[in-house]
Amino acid sequence: MIRTLFTNTPTMKMTGKILLTMAAVALSASFELRAQDGTTAYNFLNISPSSHVYGLGGHNISLIDDDVNLTEQNPALLGPEVEKQVALNYMRYIGDCNFMGARYGMRINDHSAWAAGVQYFGYGSMTATDVEGNITGSFSANDIAFSATYSHDISDNWRGGITMKFMTSNYESYSAMAIAADLGVNYYNPESDFSASLVLKNLGGQVKKFNEKYDKLPWDIQLGLTKGLSDVPFRLSVTATNLNKWKLPYLKRSDDNSTTSPLQVKDSFTSNLFRHLVFAGEYTPTERIYLGLGYNYKTRTDMSTYSRNLLSGFSLAAGMKVRGFGFGVALAQPHSGATTFMLNITTNINELLR
C-alpha cells in the first residue's frame, strides 16, 4: 500500500513538537562533536542499501513507495504502510568489497511508525606489512552501522522523521565509534503525484577516535523532487546533494585518451552545479513493477582520472512484487574495471501468515 493521507489531530501536533525537540538535540550534538579538527571519514554512509535508490543514481530522498529500505535515504519516507516489513540487501561492490544488511519496519498507529536496521560493510582481506614493506600476514577491515528511525505525520501532506545511527569501524588493530542523526521532512500530494523532501544527513561525530584526531562525518544537506507524469506511467526525480558546500572541484586529464597527460582542475559554475545534481527516470506500468535509469554527474567526473567508460555515472534499477515478496536489482559500472551489483528482497510478515 502506497502512502495515504490522514486527518490532522492534536496528537499529530504534539508529535510534531517532539520531532522538533529531537532535531534540536541532534543538531546541538552535531555541532559540538564536529568542532574537532579532522578529515572526513565514514563515507560508507553515502552508499544506499536500497537497490531502487542505487539504480536511480545513488541518491533519492523523495521517492514514494512502501519500501522500508527508503528510510535510509530519508526518515520521513517511513510510514504505517510498511507495517511488519522485513528487508534484506546485498551488494557486490568494487574489488573484494561485499556489503549486506537487514531492516524492519513497524506501524505504531495510523500516523507514525518505527524501523530498525543494521548494515555491514566488509572490505575483504588485505596484506599486512611492516614499516620496511615486508609482508607479515593479512588482516580484514569492516564498518557496521546500526540505525533506529521514527516518523510521524505532521499534517495531511507533511511527514517528518529522525534516524539515529551508531557506527563502529574495525581496521586491523584499530577501531573507532561514531554517532549521527538524519533529520527529514517530506511533502506528498497523491492527487498530483508530487513529492518534495529536505534532509539533513549524518549530523554527529566520533565518540572514539582511531588515533589522535577526531574524523568528521560526511554530513550533507539534500533537497529532492519527484513528479509522476499524468498521461504516461513515468516519473522523474531530481536530487540535489552536498548543498552545504557549493564548490566541488575535480581533476581531469587534458587528454581523455592518455593516462599520462597533465591533470587540470575543473571548477566552473556549470561543473559545480551539475556535480550537485542526480537525475532519474522510472517507468512504472503498475504498482508492482518499475524500471529505472539514473545519472550521477559527480560519479562520472570523479572517475575522470581513472579508466571510466561510457557507462560511468549511469545506473539501472528494476523491481517487481510477486506473491508477497518484493525483488529489486541495481547495476552500475563506475569505471571499466568495476561493475557493482545490488539485490534487495522485501516481504511483509502479515502477508506470509495469511
Side-chain angles (χ1 to χ4, degrees), residues 43-65 67 69-74 76-77 89-94 97 99 119 182 184 186 193-202 218 220-229 234-246 248 250 270-284 289-304 306 308-319 328-336 338-344:
N43 289 301
F44 61 87
L45 293 172
N46 292 324
I47 301 174
S48 173
S50 166
S51 61
H52 200 165
V53 170
Y54 187 74
L56 297 181
H59 299 280
N60 193 310
I61 62 172
S62 53
L63 189 64
I64 303 298
D65 199 359
D67 184 354
N69 283 312
L70 298 178
T71 63
E72 176 274 338
Q73 286 286 293
N74 179 0
L77 297 181
N89 66 81
Y90 170 77
M91 183 179 194
R92 177 66 177 179
Y93 202 56
I94 298 171
C97 299
F99 306 155
Q119 202 69 25
D182 294 347
N186 171 257
D193 197 10
F194 174 76
S195 171
S197 293
L198 174 67
V199 180
L200 306 181
K201 286 192 171 184
N202 304 320
D220 195 2
I221 301 175
Q222 298 184 358
L223 178 66
L225 304 174
T226 297
K227 179 68 173 71
L229 305 184
F234 200 82
R235 57 184 175 186
L236 301 173
S237 295
V238 179
T239 306
T241 66
N242 296 298
L243 295 181
N244 49 309
K245 182 180 180 182
W246 166 250
L248 298 174
Y250 69 98
T270 302
S271 69
N272 280 312
L273 174 63
F274 281 94
R275 276 170 64 80
H276 284 280
L277 302 177
V278 178
F279 302 93
E282 287 183 283
Y283 174 61
T284 55
I289 298 174
Y290 68 83
L291 296 172
L293 173 67
Y295 179 66
N296 189 321
Y297 181 72
K298 185 177 185 299
T299 297
R300 181 170 180 80
T301 50
D302 283 344
M303 294 292 108
S304 60
Y306 299 91
R308 78 176 186 189
N309 57 22
L310 182 63
L311 298 179
S312 296
F314 289 95
S315 54
L316 298 172
V329 295
L331 186 68
Q333 192 177 57
H335 64 83
S336 58
T339 299
T340 59
F341 172 80
M342 180 179 285
L343 170 67
N344 279 180

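For the pair Ile61 and Gln222, the tightest heavy-atom approach, listed with the atom from each and the gap, is CG2-OE1, 3.2 Å. In plain terms, the two heavy atoms of Gly58 and Gln73 that are nearest each other are O-NE2, 4.0 Å. Residue Thr239 comes nearest to His59 through the heavy atom pair OG1-O, 3.4 Å, listed as atom of the first residue, atom of the second, then distance. The shortest non-hydrogen separation linking Leu63 to Thr226 is N-OG1, 4.0 Å. When every heavy atom of Pro218 is checked against every heavy atom of Asn46, the shortest pair comes out as CB-ND2, 3.9 Å. Annotation for Arg235 and Gly228: closest pair CB-CA, 3.7 Å, computed over non-hydrogen atoms.
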Query raised in the report: Are Phe194 and Leu225 close enough, and set up right, to give a side chain to side chain contact (heavy atoms under 4.5 Å, CB included), and what steps lead you there?
Result: CA-CA 8 Å; Phe194 174 76; Leu225 304 174; 4.0 Å; yes

**Report entry** Intermediate values then yes/no, side chain to side chain contact (heavy atoms under 4.5 Å, CB included), Val278 and Val238
**Finding:** CA-CA 6 Å; Val278 178; Val238 179; over 6 Å; no

Requested in this report: I would like to know whether His276 and Trp246 meet side chain to side chain contact (heavy atoms under 4.5 Å, CB included); could you show each step before the answer?
Outcome: CA-CA 8 Å; His276 284 280; Trp246 166 250; 3.8 Å; yes

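For the atom pair CD1 of Ile64 and OG of Ser197, the computed distance is 6.5 Å after rounding to the nearest 0.5 Å. Within the model, atoms OG of Ser50 and CE of Met91 stand 11.0 Å from one another, a figure rounded to the nearest 0.5 Å. Atom-to-atom distance recorded for Arg275:CZ and Asn242:CG is 8.5 Å, nearest 0.5 angstrom. Atom OH of residue Tyr54 and atom CG of residue Leu343 lie 14.0 Å apart, to the nearest 0.5 angstrom. Annotation: the span from Leu277 atom CG to Leu223 atom CG amounts to 10.0 Å, rounded to 0.5 Å. Atom OH of residue Tyr90 and atom OG of residue Ser51 lie 14.0 Å apart, to the nearest 0.5 angstrom.
Looking at heavy atoms from C-beta onward, Lys227 lies out of side-chain contact with Leu236 at the 4.5 angstrom threshold. Contact check for Phe314 versus Asn296: no side-chain heavy atoms found under the 4.5 Å cut-off. Side-chain contact between Phe99 and Met342: absent, with no pair of heavy atoms (C-beta onward) separated by less than 4.5 Å. The shortest side-chain heavy-atom distance between Thr340 and Leu331 does not fall under the 4.5 Å cut-off.
Panel note: side chain Asn272, backbone Leu248; a donor-acceptor pair is recorded below 3.5 Å. One N or O on the side chain of Asn186 and one on the backbone of Ala196 form a donor-acceptor pair closer than 3.5 Å. Listed for the Ser315 side chain is a donor-acceptor partner under 3.5 Å among the backbone atoms of Gly55.
Residue His52 is tested with Asp65, Val329, Asn69 for a side chain to side chain contact (heavy atoms under 4.5 Å, CB included); the sole match is Asp65. The residue from Ile221, Asp220, Leu200 that alone fulfils the side chain to side chain contact (heavy atoms under 4.5 Å, CB included) condition with Leu243 is Ile221.
With ring centers used as reference points, Tyr283 lies 6.0 Å or more from Phe234.
Taking the six-membered ring where tryptophan is involved, the planes of Phe274 and Tyr297 are perpendicular, since the angle between them exceeds 60° and thus also 30°.
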